[in-house]
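Read through the structure below, which is laid out as structure tokens, and then see the notes.
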Amino acid sequence: MALPYIDIALPGIPPYRLMHVPGGEFLMGADEADKEAQNDEKPAHRVHLDDFYIGRFPVTQDLWQAVMGENPSNFKGPRLPAETVSWDEISQQFLPRLRELTGAKYRLPTEAEWEYAARGGPFGKEEAFRYAGSEVLQQVGWYDENNGEATRDVGLLLPNALGLYDMSGNVWEWCADWYSREYYEECENQGAVHHPQGPENGSRRVLRGGSWFSSAEYCRVSFRNYFNPGRRINGYGFRVVLVP
């Protein structure tokens, strides 16, 4: 039986907790009837995922500092999300050092894992909530209408059905995948896809969830953002995944 959570325990900081996400099948993307949905959120398609663990919060500055020995974030605070970090820095520096410190193969979530977790995994009504844990964004996310000035400490608002916080708003979260506008069409043509990894190559990486300066439409669980993997701004963060 899988443990309900796993902690990253490093000296001098609170444990960083990853919650267990039971595997299952879900409808990824947006329905054709969703008037807010962009073309690259369609078509909605069936995806099957195995069990994994994902960070309860975005990676915080105290964890980044403990791993990297420095803190590049613009808005400083130990329980604020680590931001102003690029996909390249996370993948080439932070994650290798975290693996060395812990002996565990932590990585970025795939885009499918991120959306499945944001929707609540098997415990969420997959079409029920527009945002991660609620139909009302102010209950679960910091965005331009209830914040608009800076990031906030993680975990201050309500979690979703998996006990995950801040998946809508606060910081955009880097995912492992290359971005492609046509990728969902390719997945739909395959039927129910098992553990999609995204395109084999590309020039931009996926970000999900919206941020402290985003409008509500960008904080929806199906919205897809993308940017150059070397990009660093004060609204880009991440959370980590571990496969049991």
Side-chain angles (χ1 to χ4, degrees), residues 26-32 34 36-49 52 54-55 58-59 81-95 106-119 126 130-132 141 143 164 166-241 243:
F26 80 112
L27 194 62
M28 184 174 181
D31 187 90
E32 289 292 338
D34 188 342
E36 283 190 310
Q38 306 296 309
N39 288 335
D40 66 353
E41 299 173 46
K42 306 172 185 177
H45 54 285
R46 285 282 161 189
V47 169
H48 182 84
L49 295 172
F52 60 97
I54 190 168
V59 166
E83 32 84 0
T84 319
V85 293
S86 71
W87 191 97
D88 288 340
E89 288 172 304
I90 295 162
S91 297
Q92 297 169 17
Q93 300 178 42
F94 178 86
L95 288 172
Y106 293 102
R107 59 171 173 80
L108 286 170
T110 65
E111 187 176 11
E113 287 170 335
W114 190 97
E115 184 171 324
Y116 181 62
R119 291 182 181 276
E126 62 183 40
R130 189 171 300 273
Y131 311 107
Y143 67 116
L164 306 175
D166 298 287
M167 294 199 81
S168 288
N170 216 355
V171 288
W172 287 102
E173 298 183 12
W174 288 108
C175 293
D177 308 38
W178 290 111
Y179 171 79
S180 167
R181 184 177 297 275
E182 296 78 28
Y183 185 65
Y184 282 16
E185 295 177 6
E186 297 172 17
C187 289
E188 185 187 42
N189 292 336
Q190 297 176 46
V193 184
H194 181 259
H195 192 46
Q197 304 287 303
E200 291 185 5
N201 50 61
S203 60
R204 297 166 293 184
R205 296 286 184 176
V206 172
L207 296 117
R208 288 299 206 106
S211 75
W212 60 271
F213 56 74
S214 300
S215 61
E217 66 178 300
Y218 299 123
C219 299
R220 294 177 296 109
V221 291
S222 62
F223 185 83
R224 307 174 72 203
N225 194 7
Y226 50 89
F227 230 109
N228 181 308
R231 177 78 167 180
R232 302 168 76 243
I233 68 171
N234 59 20
Y236 288 4
F238 68 108
R239 67 184 77 209
V240 296
V241 157
V243 176

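Applying the ring-ring contact (aromatic ring centres under 6.0 Å, His included) rule to Tyr179 yields the partners Tyr226; only residues at least two apart in sequence or on another chain are considered. Residues meeting the side chain to side chain contact (heavy atoms under 4.5 Å, CB included) test with Gln197, sequence neighbours left out: Thr110, His195. The ring-ring contact (aromatic ring centres under 6.0 Å, His included) test applied to Tyr143 returns no partner, not counting sequence neighbours. Applying the ring-ring contact (aromatic ring centres under 6.0 Å, His included) criterion to Phe52, with sequence neighbours excluded, gives no partner residue.
Rounding to the nearest 0.5 angstrom, the gap separating the CZ atom in Arg107 from the CZ atom in Phe238 is 14.0 Å. Taking CZ of Phe94 as the reference point, atom OH of Tyr106 lies at 10.0 Å (rounded to 0.5 Å). Interatomic distance, OG of Ser86 versus CD of Gln93, reported as 7.5 Å (0.5 Å rounding).
The salt bridge (charged side-chain N to carboxylate O under 4.0 Å, His left out) analysis of residues 176-202, with sequence neighbours excluded, yields no pairs. Sorted by first and then second residue, the salt bridge (charged side-chain N to carboxylate O under 4.0 Å, His left out) pairs with a member in residues 202-216 read Glu111-Arg208, Glu115-Arg208; sequence neighbours excluded.
Salt-bridge check for Arg130 with Asp34: passed, with a basic side-chain N closer than 4.0 Å to an acidic carboxylate O.
Proximity of Glu113 to Ile54: side-chain heavy atoms (C-beta onward) are nowhere separated by under 4.5 Å.
Both tests do not hold together for Arg224 against Tyr183: distance to the six-membered ring centre under 6.0 Å, angle to the ring axis within 45°.
The environment of CG in Asn189 is crowded: more than 12 heavy-atom neighbours from other residues, nucleotides or ligands sit within 6.0 Å.
For the side chain to side chain contact (heavy atoms under 4.5 Å, CB included) criterion with Trp174, the lone passing option out of Ile90, Val206, Asn225 is Ile90.
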